[in-house]
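For the numbers below, each heavy atom of this structure counts, side chains included, while hydrogens, waters and symmetry mates do not.
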Amino acid sequence: LTYRELYTTASRLAAGLLAAGIGPGRPLVLELPAWETAIALHAGLLAEIPLLPLDPHLPRPHRLRLLAASGARIALTTAAQADESLETISFPEVLEAPVRSRPPPTPALHRVQLIIGTSGSSGPPKGVMLSGGNLVAAVTGSRAQLPLAAGDCWLGCLPLTHIGGLSVLLRCAEAGATVRLHDRFEAKSVWSDLQAGAATHISLVPAMLDRLLDVGVDSRPPRLAAALVGGGALADSLRGRGLAAGWPLYLSYGMSETASQIATRRAVEPDDASVGKPLPGFEVRAQQARLAVRGPAVMLGYVNPELIPGDGLTDDGWFLARDLVRLESGRLTVLGRVDDVLVSGGEKVHPAIVERLLGACPAIGEVAVSAASDLAWGDRLVAFFTGTTNAAAVETWARGDLQG
């Protein structure tokens, strides 16, 4: 689909939505496959309709809480759905309805354009309100650190219910680059595209990188210029494996509340845990070891039915995240989360720090640390891992090398 064709199709959908009485002021839920979501995103931007892409895997209590918080009542779907919580309208019917064309408005950058459900890592998911101005600032900041131009192709395989996946569409639209869109991540089909030279850019979480290295037998995709890896800590061993295979890895850190990236840097050394300096436009500071961030890409606030800004921000626009960070010479290192603490033998332990240290163990891929209840220790740390090593080898390495 060319951008001219995309504009024509999105304009037609925008006109149909406006003719159906859906417009600025009340969120429209999207429950669509990836391709239709991409069209609807651009239609919502043209018609200034706030969009709420809804994760189909969200547990029903969380779904109902998010819908109530946003005031959403109508969902755009590809087929009629029996859901008493929402009125549904059909994407194909709206797209094909005979409506008079309507010139797109001049974008009002202060209005809510996207409502993104958070991951729920610190409780039930919240809805993050992002304005057109937030999205523009996020795209501009990303491009300053991660070059993208017409002729490039970004393979999109992240869910389009999260800001990471949606950001790919927006970055490419601004740059005139191509999006090669997959409905979901499937390692063999993604690797097939990469191996054929179909993409210059890709966004991944660490587990996806691990799977692609397995499928590709640690080889480098021939045309790939940037593999943006975020959504969680990248273990030293997995990073080293990717670098040894020649992958152009970029470490990325961000969140829904900042419209995706806060910091991004090209990975060079496998044992450097920092995510680099903040992207242009962001102010960051460590406030009692917690990240505080301010800038034009920082959200309007958490959602409410009236879409009034401010909830979750200080009066002067700072957002205090629950991430623990260290700032050294302007470089940002993420240590863990303030509410993710175990107490073992009377000592407070942040699992994320242990995970990062365990990531240096040879032959480990992904690693997660939790705890089992223990009468003597309180929390007895337990590690779950992937890779080609075994539990005995990890325990032996940890007894000699795990420190920090």
Looking only at heavy atoms, the pair that brings Leu313 and Gly301 closest together is CD1-N, 4.4 Å
task: Carefully, step by step, assess Leu45 and Leu170 under the rule side chain to side chain contact (heavy atoms under 4.5 Å, CB included).
output: CA-CA 11 Å; Leu45 293 170; Leu170 298 171; 3.9 Å; yes
**Request:** Could you tell me whether a side-chain N or O of Ser370 sits under 3.5 Å from a main-chain N or O of Val382, the two making a donor and an acceptor?
**Result:** no
Of all heavy-atom pairs linking Ala72 and Leu52, the shortest is CB-CD2, 4.4 Å
Closest non-hydrogen contact found for Pro248 with Ala225 is CB-O, 3.3 Å
- Donor-acceptor pair, side chain of Arg26 and main chain of Gly71, under 3.5 angstrom: yes
Does any non-hydrogen side-chain atom of Met208 lie less than 4.5 Å from one of Val205? yes
Q: Measure from the side-chain N and O atoms of Thr9 to the backbone N and O of Leu6, and report whether any donor-acceptor pair falls under 3.5 Å.
A: no
One should read off an interatomic distance between Leu54 CG and Leu76 CG, to the nearest 0.5 angstrom, of 12.5 Å
Heavy-atom closest pair (Met129 atom, Asn304 atom, distance to 0.1 Å) is CE-ND2, 4.1 Å
Here the side chain to side chain donor-acceptor pair (under 3.5 Å) pairs for residues 130-139, sequence neighbours left out, are Ser131-Asn134
side-chain contact (heavy atoms from CB on, under 4.5 Å) with Leu213: of Val215, Leu209, Val217, only one passes, and it is Leu209
* To do: Check whether any side-chain heavy atom of Leu46 lies under 4.5 Å from a side-chain heavy atom of Tyr7, and answer yes or no.
  => yes
Output for pair (Ser237 OG, Glu366 CD), nearest 0.5 Å, gives 8.5 Å
_Test item: Val394 and Phe385 side chains (from C-beta on) under 4.5 Å apart, heavy atoms_ = yes
The complete set of ring-ring contact (aromatic ring centres under 6.0 Å, His included) pairs with one or both residues in residues 206-259, sequence neighbours excluded, reads none
In short, ring-ring contact (aromatic ring centres under 6.0 Å, His included) pairs touching residues 13-40 with sequence neighbours left out are none
Listed pairs under 3.5 Å, donor-acceptor, residues 37-44 side chains, sequence neighbours left out:
residue: Thr37; atom: OG1; partner: Leu32; partner atom: O; Å: 3.2
residue: Thr37; atom: OG1; partner: Pro33; partner atom: O; Å: 2.9

- Message: Between Leu181 and Val168, does the side chain to side chain contact (heavy atoms under 4.5 Å, CB included) criterion hold? Intermediate values first, please.
- Response: CA-CA 10 Å; Leu181 192 60; Val168 170; over 6 Å; no
Donor-acceptor contacts, no H, no angles, side chain residues 286-299, under 3.5 Å, sequence neighbours left out:
residue: Gln287; atom: OE1; partner: Arg285; partner atom: NH2; Å: 3.3
residue: Arg290; atom: NE; partner: Ala321; partner atom: O; Å: 2.9
residue: Arg290; atom: NH2; partner: Ala321; partner atom: O; Å: 3.2
residue: Arg294; atom: NE; partner: Glu283; partner atom: OE2; Å: 3.1
residue: Arg294; atom: NH1; partner: Asp316; partner atom: O; Å: 3.1
residue: Arg294; atom: NH2; partner: Glu283; partner atom: OE1; Å: 3.1
residue: Arg294; atom: NH2; partner: Glu283; partner atom: OE2; Å: 3.2

With sequence neighbours left out, the residues meeting salt bridge (Lys or Arg N to Asp or Glu O under 4.0 Å) with Arg12 are none
Residues pairing under ring-ring contact (aromatic ring centres under 6.0 Å, His included) where one sits in residues 210-229, two or more places apart or in two chains, turn out to be none
Quiz item: Hey, are Asp214 and Arg241 close enough for a salt bridge, meaning a charged N less than 4.0 Å from a carboxylate O?
Solution: yes
Sorted by chain and number, sequence neighbours left out, side-chain hydrogen bond (donor to acceptor under 3.5 Å, both in side chains) with Arg326 holds for Glu328
Using side-chain heavy atoms (C-beta onward) and a distance below 4.5 Å, is Glu36 in contact with Leu95?
no
What one should report as the nearest heavy-atom pair of Thr118 and Glu257 is CG2-OE2, 3.7 Å
- Message: Using side-chain heavy atoms (C-beta onward) and a distance below 4.5 Å, is Asp323 in contact with Met255?
- Response: yes
Between the CG atom in Leu224 and the OG1 atom in Thr200, the distance rounded to the nearest 0.5 Å is 7.5 Å
> More than 12 non-hydrogen atoms from neighbouring residues, nucleotides or ligands closer than 6.0 Å to CZ on Arg184, yes or no?
Replying inline: no
Taken in chain and number order and not counting sequence neighbours, the residues that satisfy side-chain contact (heavy atoms from CB on, under 4.5 Å) with Pro305 are none
Here the pair of heavy atoms bringing Leu381 nearest to Ser344 is CD1-CB, 3.9 Å
Could you walk me through whether Ile74 and Ile22 pass the side chain to side chain contact (heavy atoms under 4.5 Å, CB included) test, one step at a time?
CA-CA 9 Å; Ile74 302 175; Ile22 300 167; 4.2 Å; yes
Is the count of non-hydrogen atoms from other residues, nucleotides or ligands lying under 6.0 Å from Arg380 atom CZ greater than 12?
-> no
dist Leu51:CG -> Leu130:CG (nearest 0.5 Å) comes out at 11.5 Å
Kindly list each side-chain donor-acceptor pair under 3.5 angstrom involving residues 140-147, sequence neighbours excluded, with atom names and distances?
residue: Thr140; atom: OG1; partner: Val136; partner atom: O; Å: 2.8
residue: Ser142; atom: OG; partner: Arg171; partner atom: NE; Å: 3.3
residue: Ser142; atom: OG; partner: Gln261; partner atom: OE1; Å: 2.8
residue: Arg143; atom: NE; partner: Leu148; partner atom: O; Å: 3.1
residue: Arg143; atom: NH1; partner: Glu174; partner atom: OE1; Å: 2.8
residue: Arg143; atom: NH1; partner: Glu174; partner atom: OE2; Å: 2.9
residue: Arg143; atom: NH2; partner: Leu148; partner atom: O; Å: 3.4
residue: Gln145; atom: NE2; partner: Thr264; partner atom: O; Å: 3.2

Output side-chain donor-acceptor pairs under 3.5 Å for residues 151-165, partner residues at least two apart or in another chain, one line each.
residue: Asp152; atom: OD2; partner: Ala149; partner atom: N; Å: 2.9
residue: Trp154; atom: NE1; partner: Ser203; partner atom: OG; Å: 3.1

What verdict does the side chain to side chain contact (heavy atoms under 4.5 Å, CB included) test give for Ile116 and Leu166, after you've listed the backbone C-alpha separation in whole Å, the side-chain angles of each residue and the deciding distance to 0.1 Å? CA-CA 10 Å; Ile116 302 295; Leu166 292 167; 3.6 Å; yes
Would you mind reporting whether Val367 and Leu238 have side-chain heavy atoms less than 4.5 Å apart?
no
- Message: Keeping Thr8 on the side-chain end and Arg4 on the backbone end, is there a donor-acceptor pair under 3.5 Å?
- Response: yes
Contacts satisfying ring-ring contact (aromatic ring centres under 6.0 Å, His included) that involve residues 170-198 (not counting sequence neighbours) are none
Separation between CG (Leu327) and OG1 (Thr333), nearest 0.5 Å, reads 8.0 Å
Rounded to the nearest 0.5 Å, the CG atom of Leu17 sits from the CD1 atom of Ile49 at a distance of 4.5 Å
Going by heavy atoms in the side chains, are Leu251 and Arg239 under 4.5 Å from each other?
yes
